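Shown next, in C-alpha cells, is the structure this report addresses.
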Amino acid sequence: MRIAAGLAALIVTAAATAADATDWRPLPWHLIDHTYRIPPAARFHSLDMDVELTGTPATGDFLYVAPLWGEIGGNGFYFGLQTDIWDGHCPCYRGKGAIFSRWGRASLADARPAAAGWSEALDAAHSAENAYAGVRLPYGWRGGAYHFHLAAQDTADGGCWVDLTITEDASGRTDDVGSLHFPRCGPVMPSPVSFVEVYGRNAPAPPRIPTLTVRFHGPVVNGQPIVSAGSWYIPTGVPPVARPELEDDGMSVSFPGRM
C-alpha cells in the first residue's frame, strides 16, 4: 500500500521550476536517498533485498541503482547495478555491470572477484570516495525484478568474508559478483540507505536521467524482515526530478526521463 502518493505532486512542481537551474553541485548526484530503521544486530550473517525496475537505462547514462549502503563492523559498504562500471586496469568503462565495495583497507587481498569479473582497491589519495576494496562484474541488467543476497562466512580473526549474488527473477539465473573481507562482522548499521545516483567523470553534460521506476523492497537482515518503510530525502544541489512514494516495506521512485 502506498502511503505518500500526495507527495508526488510537490516533487513534480519543484522539478518544473528548477529544470533550468545551472547551479547544481558537481557529480555524483544522489537523486534520492531512502533510510531504513533496522533492529540492532551484534553480528552479521545475511542480507536480502528485492528490487524491481521498470524501464531499462542504457550504457552512457552513468546511473547507479544501489539497493543498500550500510556498515558492518564500522566498515561502510554498498552494492548495486551501474550502467557504466569502471575498470581501473584499462583504465576504461566496461558497460553495464554489478558492483560491491567495502571501505577501509585498500588491499586486493580483501577482494575475491567472480571468474568473469575483477577486483579494485584504491587508497584515499587515489579514490574520490576514500580507501576501499571492491569487486566488479559485467552484468547486462534490464527492466525486471532482481534479488540481491549477501552471505557472511566467519574467519578466525573475528571478521568475515561477505559474498554477493544476484538472481534475476525472469530467468531464474543467479550470478556471483564476488566476496569482500570485513575485519569485523558486526555490529550492523541500524540506518542503511537505498539510493539512485548519477555519477561519472565522462557523464554527458548536462547528465541524462532516463525514464525509470525503481521499487526498493525493505532489507531482510539475518532473516528478519524490516517492517518499517523508513523515510526518503532529496539532497540539495541536485535536480529534484525524483518522484518518491513510500510503500509498506520500502519505497517506489519514478524519474521522468528529462531534466
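What you are looking at is a predicted structure, and each value in this text was computed from that prediction instead of being measured.
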Polar side chain donor-acceptor pair, Arg136 to Ser101, under 3.5 angstrom: yes
Nearest heavy-atom neighbours spanning Arg43 and Gly159: NH2-O, 3.4 Å
Donor-acceptor contact below 3.5 Å, side chain Thr83 vs main chain Phe62: yes
Straight-line distance of Asp33 CG to Glu197 CD, nearest 0.5 Å: 9.0 Å
Side-chain touch Ser179/Val135, heavy atoms, less than 4.5 angstrom: no
Trp141 (side chain) donor-acceptor with Thr56 (main chain) under 3.5 angstrom: no
Euclidean distance, Ser191 OG relative to Ile38 CD1, rounded to 0.5 Å: 8.0 Å
N/O donor-acceptor pair under 3.5 Å between Arg102 side chain and Arg105 backbone: yes
Asp249/Arg215 ion pair, N-O < 4.0 Å: yes
Whether His34 and Tyr36 hold their rings parallel, tilted or perpendicular, with breakpoints at 30° and 60°: perpendicular
4.5 Å side-chain heavy-atom contact, Val253 and Trp232: no
Backbone of Gln224 reached by a side-chain donor or acceptor of Asn222 within 3.5 Å: no
Test item: side-chain donor near acceptor, His147 and Asp48, under 3.5 Å: yes
Nearest non-hydrogen partners of Gly60 and Pro204, listed with the distance: O-CD, 3.6 Å
Donor-acceptor pair, side chain of His149 and main chain of Asp163, under 3.5 angstrom: no
Same apolar cluster (I L V M F W Y, side chains within < 4.5 Å links), Leu27/Ile209: yes
Contact check, side chains of Leu53 and Leu81, non-hydrogen atoms, under 4.5 Å: yes
ring-ring contact (aromatic ring centres under 6.0 Å, His included) partner of Tyr78, the single match among Trp103, Phe148, Phe100: Trp103
Gap separating the OH atom of Tyr199 from the CH2 atom of Trp29, nearest 0.5 angstrom: 14.5 Å
Aromatic plane relationship, His30 with Phe195 - under 30° parallel, 30 to 60° tilted, over 60° perpendicular: parallel
Side-chain heavy-atom pair Glu168, Tyr139 within 4.5 angstrom cut-off: yes
Polar contact flag, side-chain donor to acceptor under 3.5 angstrom, His217-Glu247: no
Spatial distance of atom CZ (Arg184) from atom CD (Glu71) [nearest 0.5 Å]: 10.0 Å
Min side-chain heavy-atom separation Pro113-Ser119 under 4.5 Å: yes
Shortest non-hydrogen contact between Ala114 and Leu137, atoms and distance: CB-CD1, 4.2 Å
Separation of Cys160 SG from Leu180 CG (nearest 0.5 Å): 10.0 Å
Residue pair Arg25 / Val238, side-chain heavy-atom distance below 4.5 Å: yes
Path from Trp69 to Val220 over hydrophobic side-chain contacts below 4.5 Å: no
Which atom of Ala242 lies closest to which atom of Leu31, heavy atoms considered: CB-O, 3.6 Å
Close side-chain approach of Pro210 and Phe255, heavy atoms under 4.5 Å: no
CA sep, side-chain torsions, deciding dist, call: Leu63, Val198, side chain to side chain contact (heavy atoms under 4.5 Å, CB included): CA-CA 5 Å; Leu63 191 79; Val198 176; 4.0 Å; yes
Minimal non-hydrogen separation, Pro57 against Lys96, with atom names: O-NZ, 2.7 Å
Same cluster (ILVMFWY, side-chain, under 4.5 Å), Ile99 and Trp161: no
Exam field: side chain Glu120 to backbone Gly88, donor-acceptor pair closer than 3.5 Å: yes
Test side chain to side chain contact (heavy atoms under 4.5 Å, CB included) applied to Val177 and Phe79, step by step: CA-CA 10 Å; Val177 179; Phe79 61 87; over 6 Å; no
Pairwise distance CZ(Arg243) to CD1(Ile234) - rounded to 0.5 angstrom: 11.0 Å
Pairwise side-chain contact, Pro67 with Asp50, heavy-atom cut-off 4.5 Å (strictly under): no
Path from Trp24 to Ile32 over hydrophobic side-chain contacts below 4.5 Å: yes
Heavy-atom closest pair, residues Pro219 and Met49: CA-CG, 3.6 Å
